[in-house]
Visitor: 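Questions regarding the structure given below will be posed in turn.
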There are 2 protein chains.
Amino acid sequence: MNLKQLSHMLALSQTTVSRALNGYPEVNEETRRRVMDAAKRHGYRPNPSARRLATGKTGMIGYVLPTGASVDIDPHFVEFLSGLGDYARSHELDLVLSPADADDQETTYRRIVANRQVDAVYISSPRPADRRVALLNTLGIPFIVHGRSEGFDFDYPYTDIDNEGAFHEAARLLVQLGHRRLALINGDSRETFAIHRERGVRRALAASGLLLGDGHVSSSAMTEENGYRAARLLLERDIAPTAIVCSSLIMALGVVRAVRDLGLSIPGDVSLIAHDDVFPWLKPENFSVPLATTRSSIRLAGARVAERLAARISGLEEGVRGEVWPVDLVVRGSVAGAPG
Amino acid sequence: MNLKQLSHMLALSQTTVSRALNGYPEVNEETRRRVMDAAKRHGYRPNPSARRLATGKTGMIGYVLPTGASVDIDPHFVEFLSGLGDYARSHELDLVLSPADADDQETTYRRIVANRQVDAVYISSPRPADRRVALLNTLGIPFIVHGRSEGFDFDYPYTDIDNEGAFHEAARLLVQLGHRRLALINGDSRETFAIHRERGVRRALAASGLLLGDGHVSSSAMTEENGYRAARLLLERDIAPTAIVCSSLIMALGVVRAVRDLGLSIPGDVSLIAHDDVFPWLKPENFSVPLATTRSSIRLAGARVAERLAARISGLEEGVRGEVWPVDLVVRGSVAGAPG
DNA sequence: CAGGAAAGCCAAAGCGCTTTGGAAGACTCT
DNA sequence: AGAGTCTTCCAAAGCGCTTTGGCTTTCCTG
């Protein structure tokens, strides 16, 4: 059942039927009702391919998925996706993932824009001066950055959490509890969120005349194994930290294991605060010692990004406003006063 | 730059240019070269929307993503996606995720098929007599099931691992080591994989005249918390199991925690084998006691599913062959002879 | 050397929608 | 009553590609 047939059986032109269905004003309300009724009765659904060709609108949002044998997709992605999908569903938006060589995403971005394959895209895990942001800004497709880049001479729309503030708060609490030697087990230091978190910790320490020692900060992919390694390295130093701030719950698993392996205890020997993106399958309160966290639901962020993308597509949102969400500090048993 | 312009500047018809570009035989090789050359020089890329409308082919594969406030996307999904994306990239395929109300996916499947939004789809986490399988079979779109359904009067193409065999092997090993009371901490018992795994364990036990006691099998979503709960329940029984087989690494984290909380030890008091889907961020060899596993890379499965989908789209694969991959049993420190 | 086959190319008809540029009829106003 | 204004509808022109059906030209073959 296509438009031609439908309009024919209604004894109307395709124009009128199309307009009636798409809510244009220049059609009699009585006629509109007739049309909508018939459309529903015959289960008419406009062919999206045809509509795309005619309008250029796709009803899809895009994401360029870096792939490659040695490229791991972040497990956070799935939670973000939950939120995004949940919102997208309610607005009949689909998400298209375009796999790209991790080392050459530009080609793919150019392709999906040139081909008008999607109405808008989002970017995640941005870095300072991220080329993708600059590229999309040039290409002129609606987009939202999940996270933040830095160092551009233009503004761009983003949704981020207050990573610096969160880690500042976490570190400040630890300092207040008497800790003098903090350490930071961070994610990939090339990503902005990691930079911001380190900045937050440093700022809190500086406020009390303290420093984040050279060997007291480590950056790596957020795996359990890397958390373990980093923690061992830190804790086996001559002057070991008495408190650790950690960028991920998964890494924190490794930290806890390292502490245990070394015969130390949390929070007796070392206090621990980790960032929690709120996974359904791993909760900080269920750690052997309940884990204090800086908490922010990445799922909500996904829904928000979808909402903004939808708004930009429909022209409801313009401008380049960045928004930064506050992060909760949730104190649990893994923090205590400095030993000694 | 569109076909019209290109053909005009080549002083050829659109027909010929189109055919030259698409490798049809009825065009002079010399002409073809000229055309391809000009196309490359001017960066001509056929408009996919137009091509879709004309051919019905989309170059996309689909996945219906169940969403909802209380629906959690499995973290396995991301690993599967890595493999799928990696293959899809090399074949210029995109993946479109269509979010659907978890309780009404049928509408969405019907939509993407009726609208010809994708060339093929895949299904994951199937259940016995899964309605999605029946539906797709009826709708006649190429598809692959990742996993298996059961109880149809028709065959369908799937790629699965030998869950029953894997858990049979695991249980058999434990029995050989003298264990008499095994327990199974399984995933959602409505899914086929969980049923097969339980079947495998039961078969191994039965071979030695043993049974999986009523209270010795638990099924729930594969979270750390559920692993913990299940393990506590099991281990606090009057006649506690001396060995546990567990369906997921994440649940195994909870099991380990429960064992520790109860003052027991692995493998002294209880042996543990878990299924490992091979996450980059959580490895069984890094458990406090290295974890024995049944191992099968879900990432490879993703690549294989993509490969088969591509083959079906291009007509290279026909029929309804199901394929079942063997699973490795990797013995590590978490298993030992039965205590006492 | 006629007749048929094969090679190489083209014009035009879709694919199914949106949108432009009217046009007919009804209504208002002077 | 004539001019102007809405209201409501339509024919037809795209959007940019693929594909059908046919038309020349060249090449064999008997």
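Every chain is numbered from 1, with letters handed out A, B, ... down the list of sequences. Treat the numbers as computed from the prediction; the structure is a model and nothing was measured.
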Visitor: Between R32(A) and D37(A), is there a side-chain N and carboxylate O pair less than 4.0 Å apart?
Guide: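 Salt bridge: no.
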Visitor: With a 4.0 Å cut-off on N to O distance, would you call D72(A) and R299(B) a salt bridge?
Guide: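 Result for this pair is yes, salt bridge flagged.
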Visitor: Assuming nearest nucleotide by heavy-atom distance, tell me which of R19(B) and L53(B) is located more 5' along DNA chain D.
Guide: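 It is L53(B), whose closest nucleotide lies nearer the 5' terminus.
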Visitor: Any donor-acceptor pair under 3.5 Å between the side chain of T16(A) and the base of dT8(D)?
Guide: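 For T16(A), whose side chain was compared with the base of dT8(D), there is no donor-acceptor pair (under 3.5 Å).
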Visitor: Could you give the CZ-to-C1' distance, from R45(A) to dG16(C), as a whole number of Å?
Guide: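 It works out to 15 Å between those atoms.
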Visitor: Between N22(A) and dT18(C), is there a side-chain N or O to OP1/OP2 distance below 4.0 Å?
Guide: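 Indeed, a polar side-chain atom of N22(A) lies that close.
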Visitor: Strictly below 4.0 Å: does T55(B) bring a side-chain N or O up to OP1 or OP2 of dT18(D)?
Guide: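 It does not, given that no N or O in the side chain of T55(B) lies less than 4.0 Å from OP1 or OP2 of dT18(D).
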Visitor: Please work out whether the ring planes of F152(B) and F154(B) are parallel, tilted or perpendicular, with thresholds of 30° and 60°.
Guide: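 F152(B) vs F154(B) ring planes: parallel.
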Visitor: Using atom CD of Q14(B) as one end and atom C1' of dG14(D) as the other, report the distance to the nearest whole Å.
Guide: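 So the two atoms are 13 Å apart, to the nearest Å.
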Visitor: Evaluate D119(A) against R52(A) for salt bridge (Lys or Arg N to Asp or Glu O under 4.0 Å), listing each step before the verdict.
Guide: CA-CA 11 Å; D119(A) 295 335; R52(A) 283 178 70 146; over 6 Å; no
Visitor: May I ask you to decide whether R148(A) forms a salt bridge with D160(A), counting only side-chain N to carboxylate O separations under 4.0 Å?
Guide: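 Between D160(A) and R148(A) there is a salt bridge, with a charged N closer than 4.0 Å to a carboxylate O.
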Visitor: Just how far, in rounded Å, is C1' of dC23(D) from CD of E26(B)?
Guide: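 In whole Å, dC23(D) C1' lies 15 Å from E26(B) CD.
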Visitor: Would you please confirm or rule out a distance under 4.0 Å between OP1 or OP2 of dT19(C) and any side-chain N or O of Y24(A)?
Guide: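 For dT19(C), OP1 or OP2 has a side-chain N or O of Y24(A) closer than 4.0 Å.
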Visitor: I want to check one thing: is the phosphate of dC9(D), taken as OP1 and OP2, less than 4.0 Å away from some side-chain N or O of T31(A)?
Guide: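 Checking T31(A) against dC9(D): at least one side-chain N or O falls below 4.0 Å of OP1 or OP2.
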Visitor: Answer yes or no: are there more than 12 heavy-atom neighbours, outside H8(B) itself, under 6.0 Å from its atom NE2?
Guide: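 Open: at most 12 neighbouring heavy atoms sit under 6.0 Å from NE2 of H8(B).
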Visitor: May I have the distance from R33(B) (atom CZ) to dG8(C) (atom P), rounded to whole angstrom?
Guide: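 These atoms are roughly 12 Å apart.
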Visitor: In whole Å, what is the span from the CG atom of N28(B) to the C1' atom of dA6(C)?
Guide: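 It is 13 Å, rounded to the nearest whole Å.
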Visitor: Between R52(A) (CZ) and dT18(C) (P), how many Å, whole number?
Guide: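 So the two atoms are 14 Å apart, to the nearest Å.
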Visitor: Between dC17(D), dC9(C), dG16(C), which one does the side chain of L12(B) approach most closely?
Guide: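 Between dC17(D), dC9(C), dG16(C), the one nearest the side chain of L12(B) would be dC9(C).
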Visitor: To the nearest 0.5 angstrom, please state how far the CZ atom of R132(A) sits from the OG atom of S124(A).
Guide: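 Here the interatomic distance stands at 6.0 Å.
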Visitor: Rounded to whole angstroms, how far apart are CG on N115(A) and P on dC15(D)?
Guide: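 Atom-to-atom, N115(A) to dC15(D), this comes out as 17 Å.
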Visitor: Check this one for me: any side-chain N or O of Y44(B) less than 4.0 Å away from OP1 or OP2 of dG16(D)?
Guide: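 Indeed not, no polar side-chain atom of Y44(B) lies that close.
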Visitor: Before accepting this row, confirm whether a basic side-chain N of the pair E30(B)/R34(B) lies closer than 4.0 Å to the acidic partner's carboxylate O.
Guide: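 Answer for the salt bridge query: no.
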Visitor: Rounding to a whole Å, what distance do you find between M1(B):CE and dG16(D):P?
Guide: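 Rounding to the nearest Å, CE of M1(B) and P of dG16(D) are 12 Å apart.
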Visitor: Are N47(A) and dC17(C) close enough that a side-chain N or O sits under 4.0 Å from OP1 or OP2?
Guide: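 No, no such contact exists.
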Visitor: Angle, rounded to 10°, between the helical axes spanning five pairs at each terminus of the helix from dC1(C)-dG30(D) to dT30(C)-dA1(D)?
Guide: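 The end axes of the helix from dC1(C)-dG30(D) to dT30(C)-dA1(D) are about 40° apart, to the nearest 10°.
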Visitor: Which is more 5' along DNA chain C, the nucleotide nearest T15(A) or the one nearest V17(B)? Just name the residue.
Guide: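 This one resolves to V17(B).
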Visitor: So what does A20(A) touch, heavy atoms closer than 4.0 Å: a base, only the sugar-phosphate, or nothing?
Guide: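 If one applies the 4.0 Å heavy-atom cut-off, A20(A) turns out to touch nothing in the nucleic acid.
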